[in-house]
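Data first, discussion second: the structure below is written as structure tokens.
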Amino acid sequence: MIPYAFASLAHVQVLLLPVGQIPRAIFDAYAAEIRTFESIRLGDIPGDAKDERARFMPSPLSSGYLHLSFPSHPSLPAHSPLSLFRPSHFNLGIIGIAVCSSSHPSSSALEQFENTLADIYPEHSTFPLAKTCFAFQDDDEPNVGLGENHPSLAIIPNAMGNKKLYIGTLLADLCSQILGEFGHLVHTLETPLGNEYLNGTLFPTLPAAAEMPFALDSSTFPTHSTQSELVVSHLSTPVSNGMTRSSPGLGVLHGSTAVLQRHSSLGPSTVKKRVTAVGTTSSHARLFKLYGDLFLLAGRPQDARIWYQEALNSFKTGMDPVWQASAMEGLAVISVLDSWAAGQGLASISDTKDPWMEINEQLSQAVAIYLKASVPSDAVQDYSLLAFVYTSAVLRQTSLLFCVWSSKGWGPFAFASMLQPGATSYWQKVISDNSWVNLERLSAITSITRSQIANTVSQAHGPWLLHLGLPERLVVLQSMANIYSCMGYRRKEAYVLREVISCIMDLVVCGRDEDYQLRRSDVGSAGLAVRTAGLQNGDDITPTGNGSLAFRPHEKMQGNQSVLRVLTYACRALGVDVESVNVAAPPNAEEDNTDPDIIPFEAMSLAESLNNSFGWPELQVGVMREAIAVAEALPDQLAVARFALSALKSMHSILPANDQSHLYQTASRALAIIRRRGDASMIEYWAGHPIQSIAVLPLPLHRIPAEKPRSLLATSSSTPHANKHRTGPSRRPVLIQPPKNELAELVITLRNPFVFDLELHNVSLITSGVEVECSTISSIMIPANSIHAVTVSATAKKPGVLTVKGCTVHAFNGAPKRFFLPVSTEAEEEHQSRRHSMMLCESGRTKYSGLDARPWDKGGKHFTHFLLPSKLKTRFLECVVVPEQPLLRLRWTSLTHAAVMLYNGEKSTIRLTLENVSALPIDFLTLSFEDSTIAPAQEALADGQLDVFETYETEYDLIHQRAFSWNRDKEIKVIDPGQKIVVSVACFGKAKCTGATVRVSYAHARQNDESGATPEIFYTRQLTYPMTVTVYHMLECHNMNVMPLDAFSDIGDDALWRDSDPHEWCLFSIEVRNTYGLPFEVTFDRTQQDAPDATTRSIVPPGSTSRILLPIRRFRLSDDVISRRTPILSDRQFVVSKSSLTDAEDKIQRELFWYREELLHIIRARWKEVNSANGSRHGDLSLRQQCMTMHMLNALKTDLTRIDLSLAQCCPEEPAVTLSGGKFIVASNTVVSMVAKITNTGPSPLAMMLDVSTSPEEHVLLQGSLTDIALGRVESGQSRIVEVPLCFLSVGYFEIAVEARQLGVAGEKRRTGVARLWARVKENDSLRTTSSDLE
């Protein structure tokens, strides 16, 4: 509720920082687990420091607690001058939360953590004092980065049992580092020069070590180190990005030069005031107060109380009121901490006072001192900082009163609420039950009145808010609004919320100014201007040249709805309903066939007139104008139209004539902008109830229903439709049957209650029944404050059900609305008269107080039962005619018991025999299919939680791997009566398919009426045939891999790759496991350009696994291909990508996707049943479940350089080097030469470096540098030869790897080629002979 917790001065803030591309849900889960540590026992904090860092370290037997808070946002840079005045306001520690796995090692997480810190905090920032990165293991693979030992990295395995205990230990270590840095900070300030800087300005900061002047005489501080030691200790230690326990954090004396120059007394040497301030003896009061702050943060309140008392004794002269008030705040917090530690109330000096009264008096004195404090005229920035600490003190005092009040008195719950506001506090219960009785009961229990809390928090509201920055002002106003809301002061809350909205709009304007400057800098010399005509139309049109071309900047809509919700809440608190006109819901076809509850127009108008009397009209008009101005400034044209029309609907009785006209013009202009920009949103009809009556002239009461439009003939073949129309005669009685093609006229009476001319787009009748031609009245202009009559003509085509229910009124730029007017009977008129009299009688009988008198609250409690629809049945003139429909039945199927049994990937065909058993021909027939795999896939696509790869595979499965299909080219045109037809349906064995349904839709659609014309509607029937599907899962593909060809050099002389060049070919491998009880033969075909087709076969016995090997010619796709996005196969619109990958990661994902698609295009897998008794059953073996990795990509993609490695003897006397089985045979303790020939096979020259590595490297002697061997610029087709002498010291097998890198290219693309060489080292026979001779 309150961002400023009462005990925030005792909270060590530890910033929780997401590292890398960690998902938001995972970060929140780990952050919540860390936030459970609200305090750390001092005895659990290690205190092994021996130097000045041990000053604030707890003893092993300490019984206190160190309190923690874990914000998710760093402190504002504008508050950096408060680093010594209020260190508790800053992030003293940082915990990075990362997720490491086999694909994302912890080393990359640590690098990202360091880069993020460098972006957030300046190089010489005083805080944070310690940092660490918690790398949570994401998968169950063992030893994911566990071998790394970095002081700023803590890896938390996923399989760890007591993970919470380990996190607590890590937090204790982090707190130990922070406490050690406290000692280092105090050691800096205890020097004469440090004390002078501490007393230099109102809110001092320490400069960087390089900017410190010469040390002063240390005679005034005989017990502490001198300035020379300070400078040496900091200048001799190199500044590093990381922090360890023994390092001074991010730099205690490394403040930025810009911060130093803002203070006149601590500025550079050119400012005379600094020279006079630094070099004289200053008071130690501020140092004592800082001791108290640090001891309070260190969990030692008793030591802090001593130092605060010493500081207050020194501040009695009144020369430093701001620091004095801050010390008093610290004493108040210590009192609460002592009470919390003791578990009982604070002992009071006076028996007549409650314990919290003394603390409240202390805080009142501190607030008064802050208010009277003065700021030097040259320190402009100190005004905002002083206003900030003043409002913080006011909110702290308010927090004290509110926590005691909401916790039902001074006790453990109040202490816990003041220490950690949130789950332990009672404010949630106050919000849930904020009735007047409950609030007054809390005041009676605690003797703290609501007005006392409200008066206290109102001290924060004043002109000093203008000195605060917009973020600080927003937080203060938000806190005030929350307090007023909990107190039940809704109008005060609304008043503050209006200022909150104003502050938010200032931030929006500032953000737009920055965007404008960026756009202006992008345009360059062309300049920017705003066109007056564009602004009048609501568009921000910016010309980019001399009037020849203009563009409208893209509007950012993020956050607009939140601002509008706050604005709506504030307006409703003042009795202004800005939501009386909402966005129209999409039309529902079912509504046309249902009769809604009929509410008489007289009852609705009377209820609206009785409910509109609430609030101060002048204030409500002003608030409505403000709401419209905010909506225009966002901009949100839809909200502008809603607010303006809501004002016209609910406040037209109190609005002046000019305001009504202005609001109508504003709404019309906003709706025109919405329509011009292509937005399909529409506003509900707002102009009251315009239909007063519908008079039927000599016109038969017949209507022709439109059951199915003829446009469905073009779409029903691809989209299944449910048969929801009526297929038989209605049970309603036939009242009258008029002649066909007779013209009927109706007179509709419309009413306009406004002072302006109301324009309606069209008015049409609401009918149900047989087909009817009805003229629509368009462009109707109703004069102001008048009644207007229009005439509608209708023509019935043939007998059927005809019902007149009312009219559909469609205003310009708005949604149509239906108004129903039932036929009045004597019983209905009598019921309406009684209801009218009861509403008039009850309107003034009951009084409401406060916000209960608002129209929607009062009306909901009192007038709702009068607006209930009448229990009398509404009657309409109607008759029933239903056209005849054909009938189709399923005569025979090729299935037994409607069951389909297939292997996975097998294709088959089923036949359905259909017979027309009616006397009407069928000229419309279509088949649609549903199976058990479609709904889950569509639900996953609609949910939008799949990544790009999963979305593509799901769409591919839906479109290209359908379980059932039929050939539409062989569609039946006409089925005569009594005729039988056979329909063939193709079946495909699809995994996880358990059931399916075939739906046959048919109709006699192309029939003419008596006049020979084609009707606009037709009726369809649907035949459903459910089936049980069983798909046997028999073959599984695992571990697809693409490897270099030389990785399998020891397999043997296989004909597939015996003569292949390892640089031109790679090896595709996959494991196929047979989980079925029969053997299957699998065949893998390779079809590739510039290479002959190849095929490999293998019989997989039941329960066995076979490994398939197939060489593939390496290839390289063009940049145009791999830069394309993943295609969208379906016709879904407005697909928004939710990927959180960076540009580099997204580029890698695209490259992996397109190479995988090309690989699946090259390799085709098939299976065939071996020794089948029912014939040879065969099918396709899908490889789409296999994934492509970077290792496979590097092996499949052609390298830019070719590297040939060999070993050669250096001296003829040495044993010869031989090659056998792909391995070089070398004698031990013999100097040989590793020869690497690097050839540029790319189209352009390359500047390359070479890296050489050996394994195991401890038994190999090499000459020269093995990394960054410069090759220079190698032209296309040219080669470079590098020789490296080496000597193997022991026998065994060795591997030599050579990697070529391109200069000036970062990331994975810098690698241009890799080659490996394997050597078998044998014992040197010559050395053994020499040894024998010596013996």
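The side-chain heavy atoms of R1086 and I1163, taken from C-beta on, include a pair separated by under 4.5 Å. Residues R1107 and S1098 have side chains not in contact (no heavy-atom distance under 4.5 Å, counting atoms from C-beta outward). At a threshold of 4.5 Å between non-hydrogen side-chain atoms, the residues L888 and I922 count as touching. The shortest distance between side-chain heavy atoms of L1035 and N904 does not fall below 4.5 Å. No side-chain heavy atom of H1178 sits under 4.5 Å from any side-chain heavy atom of R1166. Two residues are said to be in side-chain contact when any heavy atoms from C-beta on lie closer than 4.5 Å; V1042 and H1191 fail this criterion. Looking at heavy atoms from C-beta onward, V1170 lies out of side-chain contact with L1078 at the 4.5 angstrom threshold. Inter-residue side-chain proximity for T1087 and R1164 is flagged as unmet; no heavy-atom pair is nearer than 4.5 Å.
When atom types are taken as modelled, the side chain of R1150 and the backbone of S1123 share a donor-acceptor pair closer than 3.5 angstrom. Here the side chain of R1097 pairs no donor or acceptor atom with the backbone of E1081 at under 3.5 angstrom. Panel note: side chain Y1155, backbone L1117; a donor-acceptor pair is recorded below 3.5 Å. Of the possible donor and acceptor atoms, one in the side chain of N1074 sits under 3.5 Å from a partner among the backbone N and O of V1100. With S894 contributing its side chain and R911 its backbone, the two residues share a donor-acceptor pair below 3.5 Å. Side chain of E906 to main chain of R1177: no donor-acceptor pair is present (N/O by atom type, distance under 3.5 Å, no hydrogens or angles). For the pair W1167 (side chain) and T1083 (backbone), a donor-acceptor distance under 3.5 Å is absent. T1075 places a side-chain N or O within 3.5 Å of a backbone atom of H1033 that can act as its donor or acceptor partner. In this structure, the side chain of T1096 does not engage the main chain of L1110 through any donor-acceptor pair within 3.5 Å. The main-chain N or O of M1190 is found under 3.5 Å from a side-chain atom of N1194 such that the two form a donor-acceptor pair.
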Quiz item: Step by step, would you call I1112 with L1159 a side-chain contact (heavy atoms from CB on, under 4.5 Å)?
Solution: CA-CA 9 Å; I1112 301 176; L1159 178 62; 3.5 Å; yes
Quiz prompt | Residues E1157, R1124; criterion salt bridge (Lys or Arg N to Asp or Glu O under 4.0 Å); working and verdict | solution = CA-CA 13 Å; E1157 289 298 313; R1124 292 183 297 181; over 6 Å; no
Exercise. Report the C-alpha distance between L1196 and F1115 in whole Å, list the side-chain angles of each, state the deciding distance to 0.1 Å, and finish with yes or no for side-chain contact (heavy atoms from CB on, under 4.5 Å).
Key: CA-CA 7 Å; L1196 184 63; F1115 57 90; 3.6 Å; yes
Quiz item: Are V1031 and K992 close enough, and set up right, to give a side-chain contact (heavy atoms from CB on, under 4.5 Å), and what steps lead you there?
Solution: CA-CA 7 Å; V1031 178; K992 299 181 181 180; over 6 Å; no
Quiz item: Is there a salt bridge (Lys or Arg N to Asp or Glu O under 4.0 Å) between K1197 and E1151 once you walk through the steps?
Solution: CA-CA 10 Å; K1197 184 171 60 176; E1151 188 175 5; 2.8 Å; yes
Exercise. Kindly indicate, with the supporting measurements, whether the criterion side-chain hydrogen bond (donor to acceptor under 3.5 Å, both in side chains) is fulfilled by D1120 and S1118.
Key: CA-CA 5 Å; D1120 296 337; S1118 62; 5.0 Å; no
Quiz prompt | Check against side-chain contact (heavy atoms from CB on, under 4.5 Å), V1072 and F1084 | solution = CA-CA 11 Å; V1072 181; F1084 282 77; 4.0 Å; yes
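Nearest approach of Y952 to P1127, heavy atoms of both residues: CD1-O, 3.5 Å. Counting all heavy atoms, side chain and backbone alike, A98 lies closest to V19 at CB-CB, 3.8 Å. Q137 approaches P157 most closely through the heavy-atom pair OE1-CA, 3.2 Å. Looking at every heavy atom in both residues, R1114 comes nearest to A1195 through NE-O, 3.0 Å. Counting all heavy atoms, side chain and backbone alike, W1154 lies closest to I1122 at CD1-CA, 3.7 Å. Heavy-atom minimum distance, C1187 versus R1156: CA-NE, 4.4 Å.
Of the residues listed (T893, L895, V983), the one engaging I910 in a side chain to side chain contact (heavy atoms under 4.5 Å, CB included) is L895, and it is the only one.
Rounding to the nearest 0.5 Å gives a distance of 5.5 Å between CE of M1040 and CE of M1188. From I1070, atom CD1 reaches atom CG of L1109 across 11.0 Å, with rounding to the nearest 0.5 Å. Note that OG of S1069 is 8.0 Å distant from CE of M1192, once rounded to the nearest 0.5 Å. Atom OG of S928 sits about 6.0 Å away from atom CD of Q1022, to the nearest 0.5 Å. Here the CD-CZ distance, from E1169 to F1080, works out to 5.0 Å after rounding to the nearest 0.5 Å. The CD1 atom of I1162 sits 9.0 Å away from atom CD of Q1089, with the distance rounded to the nearest 0.5 Å.
Ion pair K990/D957 flagged as a salt bridge, since at least one NZ, NE, NH1 or NH2 atom sits closer than 4.0 Å to an Asp/Glu carboxylate oxygen.
Cation-pi geometry between R962 and F929 is not met: the NZ or CZ atom fails to fall both under 6.0 Å from the ring centre and inside 45° of the normal.
For H1161, the NE2 atom counts as loosely surrounded, since its 6.0 Å shell holds 12 or fewer non-hydrogen atoms of other residues, nucleotides or ligands. For D1143, the CG atom sits in a loose shell: 12 or fewer heavy atoms of surrounding residues, nucleotides or ligands are nearer than 6.0 Å. Around atom CE of M901, no more than 12 heavy atoms belonging to other residues, nucleotides or ligands sit under 6.0 Å away.
No hydrogens or angles considered: a donor-acceptor pair under 3.5 Å links the side chains of S918 and N916.
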